[in-house]
Number of protein chains: 2
Amino acid sequence: MANMKYSRQRESIKEYLAHTREHPTADMVYINIREKYPNISLGTVYRNLNLLVEQGEIIKLSPGNGSDRFDGNSMPHYHFLCTECSCIQDLDIAPGVLDHINLIAGAGFDGEIRGHSTFFYGKCAKCKSRN
Amino acid sequence: MANMKYSRQRESIKEYLAHTREHPTADMVYINIREKYPNISLGTVYRNLNLLVEQGEIIKLSPGNGSDRFDGNSMPHYHFLCTECSCIQDLDIAPGVLDHINLIAGAGFDGEIRGHSTFFYGKCAKCKSRN
DNA sequence: ATAGTATTAATAATAATTACTATTATTTGA
DNA sequence: TCAAATAATAGTAATTATTATTAATACTAT
């Protein structure tokens with residue numbers, strides 16, 4: 001998309017996502033950006049989130065429970081979803097593992113595998129210790 | 001859930017999912033079951049799908065594009081989502097790989113990993129050959 | 001500065017799913 | 001076998017999440 005103009009709102013959204021580890025929903029982004037741009041509209045947030053996803057600057061996550069979530073870290077990596085508190089966390093996985101898994105999966109498959117996205121689930125550290 | 005009564009509608013939904021490879025949406029299930037029970041309501045379909053998921057009889061998939069989809073095969077396995085035609089297919093992966101991946105992921109993680117769900121994406125065989 | 005056009009705020013509209021309620025179906029056990 | 005108890009249903013309304021519309025505004029290149 002060559003004919004794209006700068007917008008403070010979009011920049012602010014990108015910046016916010018780059019500095020949080022929260023994997024926020026569109027609504028959470030909206031609430032946050034409103035502190036700086038009090039009359040930004042939710043539609044603008046959605047449109048820019050989708051634009052940024054299209055451009056590969058951020059990643060959209062669909063954990064399956066409520067709303068979609070967004071991650072400012074666009075490097076392929078894995079996520080963990082706590083089945084108790086619904087928090088989402090990044091997982092560190094050794095580089096190479098992802099490609100390895102793509103290969104394993106592609107072995108018996110006659111289509112073309114480009115990548116994969118994985119959600120691990122279970123109890124996060126806090127919920128585990130709280131018992 | 002001990003106090004659960006039999007219902008022909010629920011049985012029919014379960015049976016349909018057990019015999020299709022389509023990974024249908026709630027609406028597709030609704031349309032199909034209506035052939036046998038013409039005045040089943042969409043709410044009934046949703047309620048029973050959720051019940052069956054809770055009981056572990058079926059699996060709910062959230063591919064991230066449109067609606068959720070349902071899979072009558074409740075054994076853990078992987079799915080492939082075609083980014084062109086949006087079809088969903090089961091992938092055959094050697095047993096043991098899934099547990100292996102859970103272990104790798106759990107290594108540097110201080111919570112408790114119970115399982116994971118993975119979507120591979122790319123082009124299905126048809127879309128690949130159609131070029 | 002100005003013209004051209006992407007972006008915005010505000011709102012309306014759509015899509016997907018859940019909640020509500022009076023009626024019906026299933027189960028239990030006398 | 002029947003009737004009481006209650007889960008499930010059909011039909012509909014409501015909610016939630018997201019996308020579309022549009023007139024006004026902001027960005028960019030000349």
Side-chain angles (χ1 to χ4, degrees), chain A residues 1-17 22-55 57-71 81 86 88 119, chain B residues 1-17 22-55 57-71 81 86 88 119:
Chain A
M1 199 155 291
N3 47 353
M4 220 175 111
K5 283 182 184 167
Y6 170 89
S7 102
R8 303 171 264 171
Q9 291 89 337
R10 177 159 55 240
E11 204 53 33
S12 183
I13 290 170
K14 204 164 100 182
E15 222 246 25
Y16 168 55
L17 284 177
E22 291 288 325
H23 305 85
T25 62
D27 201 63
M28 288 158 76
V29 174
Y30 174 55
I31 288 168
N32 183 282
I33 303 299
R34 237 186 343 184
E35 289 176 13
K36 192 168 184 187
Y37 297 101
N39 42 3
I40 193 173
S41 89
L42 187 52
T44 297
V45 171
Y46 270 104
R47 191 170 35 74
N48 280 306
L49 286 172
N50 288 338
L51 274 172
L52 293 169
V53 168
E54 269 177 40
Q55 291 182 104
E57 305 233 36
I58 66 174
I59 287 176
K60 177 162 87 164
L61 305 172
S62 300
N65 47 5
S67 319
D68 288 344
R69 288 162 169 273
F70 297 88
D71 188 341
L81 167 65
S86 293
I88 293 185
F119 261 104
Chain B
M1 198 156 290
N3 47 352
M4 219 174 110
K5 283 181 183 170
Y6 170 89
S7 102
R8 302 170 265 168
Q9 290 90 335
R10 177 159 56 238
E11 203 55 32
S12 183
I13 290 170
K14 203 164 101 181
E15 223 246 24
Y16 167 56
L17 284 177
E22 292 287 326
H23 305 85
T25 61
D27 201 62
M28 288 159 76
V29 173
Y30 173 57
I31 288 168
N32 183 281
I33 303 298
R34 237 183 346 181
E35 288 175 14
K36 192 168 182 185
Y37 297 100
N39 42 5
I40 193 173
S41 90
L42 188 52
T44 298
V45 171
Y46 270 104
R47 191 169 33 74
N48 281 306
L49 286 172
N50 287 337
L51 274 171
L52 292 169
V53 168
E54 270 177 41
Q55 293 182 102
E57 305 233 36
I58 67 175
I59 286 175
K60 178 162 86 165
L61 305 172
S62 300
N65 46 7
S67 320
D68 288 342
R69 288 163 169 274
F70 297 88
D71 187 341
L81 168 65
S86 292
I88 293 185
F119 261 104

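Everything quoted here is computed from the prediction, not taken from an experiment. Proteins come first, then strands; the chains are lettered A, B, ... in the order of their sequence lines, and each starts at number 1.
In terms of phosphate contacts, B:Asn3 brings no side-chain nitrogen or oxygen within less than 4.0 Å of OP1 or OP2 of D:dT6. Considering only side-chain N and O atoms, A:Gln9 lies nowhere under 4.0 angstrom from the phosphate OP1 or OP2 of D:dA26. Between A:Asn48 and C:dT8 there is a side-chain polar atom (N or O) within less than 4.0 angstrom of OP1 or OP2. Proximity of B:Thr44 to the phosphate of D:dA10: a side-chain N or O atom is located under 4.0 Å from OP1 or OP2.
Atom CD in B:Glu54 sits about 15 Å away from atom P in D:dA7, given to the nearest Å. Distance CG (A:Leu42) to C1' (D:dT21): 16 Å, rounded to an integer number of Å. The nearest whole Å value for the distance from the OH atom in A:Tyr30 to the P atom in D:dT18 is 15 Å. Look at CG on A:Leu51: it is 7 Å from P on C:dT7, rounded to the nearest Å. When rounded to the nearest whole Å, the span between CZ of A:Arg10 and C1' of D:dT25 equals 15 Å. Put simply, CG on A:Asn39 is 13 Å from C1' on D:dA24, counting in whole angstrom units. The distance from atom NZ of A:Lys36 to atom P of C:dT8 is 14 Å, rounded to the nearest whole Å. Distance CG (A:Leu49) to P (C:dT8): 11 Å, rounded to an integer number of Å.
Proximity note for A:Tyr6 (side chain, C-beta onward) versus C:dT8, D:dT28, D:dT6: the nearest is D:dT28. Of the candidates D:dA8, D:dA26, D:dT19, D:dA8 carries the atom nearest the B:Ser7 side chain, counting heavy atoms from C-beta on. Each of D:dA7, C:dG4, C:dT8 was ranked by its minimum atom distance to the side chain of A:Lys5; first place goes to C:dG4. Residue A:Ile40 has its side chain nearest to C:dA9 when only D:dA8, C:dA25, C:dA9 are considered. Side-chain atoms of B:Tyr46 lie closest to C:dT17 of the nucleotides D:dT19, C:dT17, C:dA9.
Among the atoms of the strands shown, none is found under 4.0 Å from any heavy atom of A:Asp27.
Looking at every heavy atom in both residues, B:Tyr37 comes nearest to B:Arg8 through OH-CB, 3.3 Å. Across B:Leu17 and B:Pro24, no two heavy atoms sit closer than the pair CD2-CG, 3.6 Å. What you find for B:Ser12 and B:Lys36 is that their closest heavy atoms are OG-CD, 4.3 Å. The heavy-atom pair separating A:Val45 from A:Ala26 by the smallest distance is CG1-O, 3.6 Å.
Residue whose closest nucleotide on DNA chain C sits further toward the 5' end, between A:Arg47 and A:Gly43: A:Arg47.
Partner of B:Ile13 under the side-chain contact (heavy atoms from CB on, under 4.5 Å) criterion, chosen from B:Val29, B:Asn32, B:Leu51: B:Val29.
Applying the 6.0 Å contact sphere to CD of B:Glu57 captures more than 12 heavy atoms from other residues, nucleotides or ligands. Counting heavy-atom neighbours within 6.0 Å of A:Gln9 CD, excluding the residue itself, gives a total above 12.
Looking only at side-chain heavy atoms (C-beta outward), B:Leu49 and B:Lys60 stay at 4.5 Å or farther from each other.
For the contact set between residues 63-70 of chain A and DNA chain C, defined by any heavy atom under 4.0 Å, there are no members.
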